**Student:** 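Dropping a structure here in structure tokens format, bear with me for questions.
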Amino acid sequence: MDKLQIHGGIALEGEVRISGAKNATLPILAACLLADGPVIVSNVPHLQDVTTMIELLGRMGVSVTVDERMRVEVDASTIREYFAPYELVKTMRASILVLGPLLARFGEADVSLPGGCAIGARPVNIHVAGLQAMGADIHIENGYIKARASRLKGARIVLETVTVTGTENLMMAAALAEGQTVLENAAREPEVVDLALFLNAMGARIRGAGGDKIVIDGVERLHGTAYEVLPDRIETGTYLVAAAITGGHIRVKNTRPEHLDAVTGKLQEAGATIATGENWIEVDMHRRRPRAVDIRTAPYPAFPTDMQAQFAALNTVASGVGTIIETVFENRFMHMLEMRRMGAEIRLEGNTAIIKGVERLTAAPVMATDLRASASLILAALVAEGRTEIERIYHIDRGYEAIEEKFQALGAKIRRTPG
Ligand code: EPU
């Protein structure tokens, strides 16, 4: 298996261009199942999870073509089966996003139940309950969610917990349901808004996305369209923290600063100067050591759980003590144990990590356990003394496009070694 080798100690400088958002691309590709004509999606990031979603659509008989610029054309008219097998769902939980569209458009879906996950239990009970409220007949058999419906009916659904993919699945299903659906306590993430904009471009009638109440008036059919995915705010945040942790100064291009307020606010608290334009963010840490920050993760617009590990890395070398409280997932601290092996001083108490910054981390062999944990280990390695080797980096390739190239362009000493 490939590894990443990183020599720490270089302050990052330069510019980096952000790719399309993974967590918007995945639901948008699933939503293509709803259209009765071809859809062209652009600004699609070249990532393992995107490849998995394309493979999943292909297995169902959907025609998918990808050009050299990662423009993806999806035509669901050739679909043969309404089935998401365990072997794909177990590698990517977001496969659950085909459940709503399949059921709404074809009245039938057999989707493997995702199993456990490195960051928490992550059940899909809210997705299932919402579809049942819309009239679907659903039962679990041999590890599969077996869902049937003639035509889904609009309903008022109060989501028990704020769930991103749950909101997306129900919004997609409701787009073709008969009558009006109201989703209360909906997720407000920019990726939910991007999906709503995409569905509306296909002829859906959705309003309120971005707020906690989304109203969807079902339509008879959705048509093909062309759509450009929004930039990835978590990739953006990861590069911003990478610059800050190394004392560097970078400009992040092709992004949406308004989606990163919680993150840039914390970077300012840490001592960084932030400047923004319409589609760029500049961070300057003036070669200084960051100050420790306190973080509490929660659904958007609060601080994102997908940026928690990166700020944990920042705190390990900051001046002072920073407390990190993870409220979204119950087991998202695996990176803390790896960072301890690099000399970090971290005390864990339930969902809280208390991090006392040290003067320097030292390189060590470490292991990636999930996507954002892997990113945080790269950040720690960028400031550690010596050469860090990160194993199991397939996690990184699920969510960060061309990560070594982008870091190399910012001056980092990072390379991939085949293992
Ligand atoms: N939950 C339930 N029941 C459900 C659904 C969710 O109890 O039916 C709970 C979860 O267990 C969790 C909380 O609700 O404790 C929130 O989870 P959510 O459903 O919002 O997470 P998700 O939709 O599975 C998406 C992103 C994650 C991101 C979370 C939170 C995609 C494809 N994935 O997951 O992204 O961490 O929202 O913002 O959009 C990543 O990119 O690294 C990643 C893990």
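Both counts, for ligands and for their atoms, begin at 1 and track the order of listing. The model shown is predicted, which means the values in this text are computed figures rather than measured ones.
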**Student:** Under 4.0 Å from a heavy atom of His127: give me the atoms of ligand 1 that qualify, with their elements.
**Tutor:** 8 (O)

**Student:** Under 3.5 Å between some N or O of ligand 1 and some N or O of Ile126?
**Tutor:** yes

**Student:** Of the protein's non-hydrogen atoms, which lies at the shortest distance from atom 14 (O) of ligand 1, and what is that distance?
**Tutor:** Thr161 CG2, 3.6 Å

**Student:** What about Val328: any of its N or O atoms under 3.5 Å from an N or O on ligand 1?
**Tutor:** yes

**Student:** Which residue owns the protein heavy atom closest to atom 25 (C) of ligand 1, what's the atom, and how far is it?
**Tutor:** Val164 CB, 3.9 Å

**Student:** Please find the pair of heavy atoms, one from Ser374 and one from His395, that lie closest to each other, and give the distance.
**Tutor:** OG-CB, 3.4 Å

**Student:** Can you spot which of Val66, Val64, Ile40 makes a side-chain contact (heavy atoms from CB on, under 4.5 Å) with Glu73?
**Tutor:** Ile40

**Student:** Please confirm whether Thr305 comes within less than 3.5 Å of ligand 1 when only nitrogen or oxygen atoms on both sides are compared.
**Tutor:** no

**Student:** With heavy-atom distances below 4.5 Å as the criterion, would you say the side chains of Tyr400 and Leu371 are in contact?
**Tutor:** yes

**Student:** Answer yes or no for Asp370: is there a heavy-atom contact with ligand 1 below 4.0 Å?
**Tutor:** no

**Student:** So for ligand 1, is Pro123 a polar contact partner (N or O within less than 3.5 Å, distance only)?
**Tutor:** yes

**Student:** Whether Glu258 and Arg233 form a salt bridge (side-chain N of Lys/Arg under 4.0 Å from carboxylate O of Asp/Glu) is what I want to check.
**Tutor:** no

**Student:** Between ligand 1 and Glu168, is the shortest N or O to N or O distance under 3.5 Å?
**Tutor:** no

**Student:** Considering only non-hydrogen protein atoms, determine which one is nearest to atom 19 (O) of ligand 1 and report residue, atom name and distance to 0.1 Å.
**Tutor:** Thr163 OG1, 2.6 Å

**Student:** Does His395 reach ligand 1, in the sense of a heavy atom lying below 4.0 Å from it?
**Tutor:** no

**Student:** Which atoms of ligand 1 are found less than 4.0 Å from any heavy atom of Leu371?
**Tutor:** 42 (O)

**Student:** Answer yes if the side chains of Arg415 and Gln5 hold a donor-acceptor pair under 3.5 Å, and no otherwise.
**Tutor:** yes

**Student:** Run the salt-bridge test on Asp217 and Arg207 with the 4.0 Å N-O cut-off and return the result as yes or no.
**Tutor:** yes

**Student:** Side chain, backbone, both or neither: which part of Asp306 comes within less than 4.0 Å of ligand 1 when only heavy atoms are counted?
**Tutor:** side chain

**Student:** Give yes if a backbone or side-chain nitrogen or oxygen of Phe329 is under 3.5 Å from a nitrogen or oxygen of ligand 1, and no if not.
**Tutor:** no

**Student:** Taking 4.0 Å as the limit for heavy-atom contacts, which would you say applies to Arg332 with ligand 1: side chain only, backbone only, both, or neither?
**Tutor:** side chain

**Student:** Which value, rounded to the nearest 0.5 Å, describes the distance between Leu170 atom CG and Ile214 atom CD1?
**Tutor:** 9.5 Å

**Student:** Any salt bridge linking Arg256 with Asp232? Criterion: basic side-chain nitrogen under 4.0 Å from a carboxylate oxygen.
**Tutor:** no

**Student:** If hydrogens are left out, which of Asp232, Thr165, Val162 has an atom nearest to atom 16 (C) of ligand 1, that is, the closest non-hydrogen atom?
**Tutor:** Val162

**Student:** Tell me whether Arg392 is salt-bridged to Asp370, with the criterion being a basic N under 4.0 Å from an acidic carboxylate O.
**Tutor:** no

**Student:** Hey, is Arg156 close enough to Glu184 for a salt bridge, meaning N to O under 4.0 Å?
**Tutor:** yes

**Student:** Ignoring hydrogens, what is the shortest heavy-atom contact between Arg151 and Ala177? Give both atom names and the distance.
**Tutor:** NH2-O, 3.1 Å

**Student:** Using a 4.0 Å cutoff against the non-hydrogen atoms of Val124, which atoms of ligand 1 qualify?
**Tutor:** 4 (C), 8 (O)

**Student:** Where's the contact between Lys22 and ligand 1, heavy-atom distance under 4.0 Å: side chain, backbone, both or neither?
**Tutor:** side chain

**Student:** Any atoms of ligand 1 less than 4.0 Å from a non-hydrogen atom of Ala94? List them with their elements.
**Tutor:** 32 (C)

**Student:** Looking only at side-chain N and O atoms, does Gln308 offer a donor or acceptor that is under 3.5 Å from a partner on His335?
**Tutor:** yes

**Student:** Examine Tyr86 together with Tyr144 and report whether their ring centres are nearer than 6.0 Å.
**Tutor:** no

**Student:** Is Arg372 close enough to touch ligand 1? Criterion: a residue heavy atom under 4.0 Å from a ligand atom.
**Tutor:** yes

**Student:** Counting non-hydrogen protein atoms only, what is the nearest one to atom 3 (N) of ligand 1? Give residue, atom name and distance.
**Tutor:** Asn125 OD1, 2.8 Å

**Student:** Nearest protein heavy atom to atom 33 (N) of ligand 1, by residue and atom, and its distance?
**Tutor:** Asn23 ND2, 3.6 Å

**Student:** Taking only Lys NZ, Arg NE, NH1 and NH2, and the carboxylate oxygens of Asp or Glu, determine whether Glu326 and Arg332 approach each other closer than 4.0 Å.
**Tutor:** no

**Student:** Please write down residue, atom name and distance for the protein heavy atom closest to atom 24 (O) of ligand 1.
**Tutor:** Arg122 NH2, 2.9 Å

